[in-house]
2 protein chains.
Amino acid sequence: MIGPSFFHATVAVTAPIKGKATSLDIAHLAGVSQPTVSRALRGSPMVNEETRRRIQAIAAQLNYKVDKNASNLRRQHSGTIALLFFEDPTPDDSQINPFFLSMLGSITRACAMQSYDLLISFQQLSTNWQADYEDSNKADGLILLGYGDYLEAQSRLEQLVQQGTHFVRWGAVLPGQPGISIGCDNFQGGHDITTHLIGQGRCDIAFLGHASNHYPEFFERYRGYAQALQQAGSPAQPSLQVDAVTSEQSGYEAVQELLRRKVRFNAIFAASDLIAIGAMKALHEQGRRVPEDVAVAGFDDIPLAAFVNPGLSTVQQDTKLAGQILVQSLLQLIDGEPVESRTIPVKLTLRGSTGAS
Amino acid sequence: MIGPSFFHATVAVTAPIKGKATSLDIAHLAGVSQPTVSRALRGSPMVNEETRRRIQAIAAQLNYKVDKNASNLRRQHSGTIALLFFEDPTPDDSQINPFFLSMLGSITRACAMQSYDLLISFQQLSTNWQADYEDSNKADGLILLGYGDYLEAQSRLEQLVQQGTHFVRWGAVLPGQPGISIGCDNFQGGHDITTHLIGQGRCDIAFLGHASNHYPEFFERYRGYAQALQQAGSPAQPSLQVDAVTSEQSGYEAVQELLRRKVRFNAIFAASDLIAIGAMKALHEQGRRVPEDVAVAGFDDIPLAAFVNPGLSTVQQDTKLAGQILVQSLLQLIDGEPVESRTIPVKLTLRGSTGAS
DNA sequence: CTGAAAGCGCTTACAG
DNA sequence: CTGAAAGCGCTTACAG
């Protein structure tokens, strides 16, 4: 009973008591040097297999974990990506677009698969959101996410580029933008869904959403919408466009504005699903039936779109792919590889709100 | 032109070129020792004000940021909280309960106010979610969030307690639980909303949601529901309870199950808003009017509840307060202060789905 | 009020 | 295959 195994057992019991185990503790117990422990645990090939097994066993017993701060400091790299989520105008605490939550989930997963941690931060556009994450070595790079006024954001982006910060942005992909952007094909999406509405026999199609350079994603959707109308021989009418940001409330109010204008419309293309859902609410309250009186379509395909009544026809963005590409592009950037902005295809998801099912 | 100011200007231009500035660089430029720079920049009172200003100016010029890895290593503290979000059964990529997103937002804000960073991680209940965040010094403590099978999670929680990990959990607050829990008053919420339904003249009230120890939050809501019914003289009927997890799909299917059973019901209390929304969808498809034929109530008050048709009556959880208390409790725990589990009050938000407006 | 010294726990050349 | 040495960039006693 009295021998090495007894000795080891004793050690395993007493060591954790004096705080967290370090690689040096393990080295002593294993009778090797501390660097060897480090090598063994990181799977270096230049370590004897038997030595490695012994070290691993002890490490497991002591519940040893590499200290990230020490490791990162030494390696000058954090193994962390910061996700800066900004929304403007400032939403009420509880308002995050479900679409971004999808993105958040897929980004988290993509990071985990690359063994990166994700630091998350919600920012107002108005604050200093370049945020020093990379400067303070807390993160190796930044992912920027959010709807907001692009023109306001632009100078910040330029600043980031100038500082040499590694970042990728989700948003409209347009020529001349600072940094790398990944976005879906907003124009095509707007075009396709509008064409669908026209095919359903609707001519007077309203567009709910900002249509200016301040909101390039919405603007692209608007342009797709306008082109589809043009091709159908009935150009877009300014009186059928109502500004809206991406929230139910905004969609709700946009419909009220539309009614106030007393323009005729038998369909609505909302620049986001949340806008569409708010719009449907307002239509119902006015006794206008969806889709009989007014067909409604959105953009994003948030999980809820299938569960409103009627189900919402919409343009699906592939958030899973988007998250993967964002993370992958950022890691390439960090590694100094060349990266290009990219557009991801969209596809229509048709449901009852346009009379499609 | 040739003098100190010129010298400084030159330095400011050339220094950043050779990589990130360190406190030593600043010390050289300011003509002080490196520890003095460290003190000055952290606002230590034992630094001459003029010296401090000089140092700050140089730091700003060089865009200097304290290296978090070095600082954390030295101080043996990370300034970071890890949020472990787990959901089980495994949701499709894009499914995160909006309620938790609200929590996420409020937790992020509460962390920011305390100058803590938030590391986020989505976990399957089945994985090793104790996750080593604290062990590897990446985080000073953990916040656990998620609906899931409590009984499965319990042993993990006990493990965390045993390891001395600092953590707080959002969930049911019940005697004998390992660690600190913060939760809303699920029982009261279930009781109040059921009483409201009864007051609307509904007697046959179905409950959609798991009602067992596996899901203590739902179970508490169920108990509140049962007690309210008891008090009204019509005890809960097992045939009116249908298991459901918190998703629209699950609510949709639960209604189908209810119909299959051919039991009579004129109201539904769903254990979450998502369940309620799925239930309403199924009712609509069956031609049952809400609230005329069936009144529907949910739990959570997610932003969307106001925008479905009709608006959903529900039990509001105060996510803002919840996030603050979670973070505050965790920080107290980290500081070694005594902390108790706590229950947060709820309140009813009544809308059209129960005929209340 | 300031500086010289030590050390947080790793990883990485450099020898052997 | 393994070890002795150096050093990542800070913070914190300890002197003065």
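In what follows, every chain begins at residue 1, and chains take the letters A, B, ... in the order their sequences are listed. None of these values were measured; they are calculated from a predicted model.
For L73(A), taking side-chain heavy atoms from C-beta onward, the closest of the listed nucleotides dT12(D), dG9(C), dC10(C) is dG9(C).
Remark: S329(B) engages V168(B), I182(B), I325(B), V339(B) in a side chain to side chain contact (heavy atoms under 4.5 Å, CB included) (not counting sequence neighbours). Annotation: side chain to side chain contact (heavy atoms under 4.5 Å, CB included) contacts of P178(A) (sequence neighbours excluded): Y150(A), Q154(A), L157(A), E158(A), V161(A). With sequence neighbours excluded, no residue satisfies side-chain hydrogen bond (donor to acceptor under 3.5 Å, both in side chains) with R74(A).
Of the two residues contacting DNA chain C, namely R42(A) and P45(B), the nearest-nucleotide position lying further toward the 5' end is that of P45(B).
Applying the side-chain hydrogen bond (donor to acceptor under 3.5 Å, both in side chains) test to residues at least two apart or on different chains, the pairs with a partner in residues 32-47 of chain B are S23(B)-Q34(B), S33(B)-T36(B), S38(B)-R42(B).
Among all heavy-atom pairs drawn from A21(A) and Y64(A), the shortest one is O-CD1, 3.3 Å. V47(A) and T51(A) make their closest contact through CG1-CB, 4.4 Å (heavy atoms, listed as atom of the first residue, atom of the second, distance). Contact between V327(B) and A110(B) at its shortest, heavy atoms only, is CG2-CB, 3.6 Å.
Rounded to whole angstrom, the span from the NE2 atom of H28(A) across to the C1' atom of dG9(C) amounts to 13 Å. The distance between atom NZ of K68(A) and atom P of dC10(C), rounded to the nearest whole Å, is 11 Å. A straight line from NE2 of H77(A) to P of dG9(C) spans 21 Å, rounded to a whole angstrom. Between the CD atom of Q76(B) and the P atom of dG9(D) there is a distance of 18 Å, given to the nearest Å. A straight line from CZ of R52(A) to P of dC1(D) spans 9 Å, rounded to a whole angstrom. Rounded to whole angstrom, the span from the CG atom of N69(A) across to the C1' atom of dC8(D) amounts to 12 Å. What separates CG of L24(A) from C1' of dC8(C) is a distance of 12 Å, to the nearest Å. Between the CG atom of D25(B) and the P atom of dC8(D) there is a distance of 11 Å, given to the nearest Å.
Considering only side-chain N and O atoms, T22(B) lies nowhere under 4.0 angstrom from the phosphate OP1 or OP2 of dG9(D). At dT11(D), one or more side-chain N or O atoms of S71(B) fall inside 4.0 Å of OP1 or OP2 (strictly under the cut-off). Distances shown here put a side-chain N or O of S38(A) below 4.0 Å from the OP1 or OP2 atom of dT11(C).
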With B for base contact, S for sugar-phosphate-only contact and - for none (protein heavy atoms under 4.0 Å), nucleotides 2-7 of chain D reads BBBBBB
Pairs counted only when both distances fall under 3.5 Å, Watson-Crick or G-U: show me the 5' to 3' dot-bracket for DNA chain C, [ ] for pseudoknotted crossings and | for other-strand partners. |||.||||||||.|||
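Side-chain contact annotation: Q324(A) with R109(A), donor-acceptor N/O pair under 3.5 Å absent. Side chain to side chain, D140(B) and S78(B) meet the donor-acceptor criterion of an N or O pair below 3.5 Å.
Counting non-hydrogen atoms under 4.0 angstrom, S23(B) reaches the backbone sugars and phosphates but no base.
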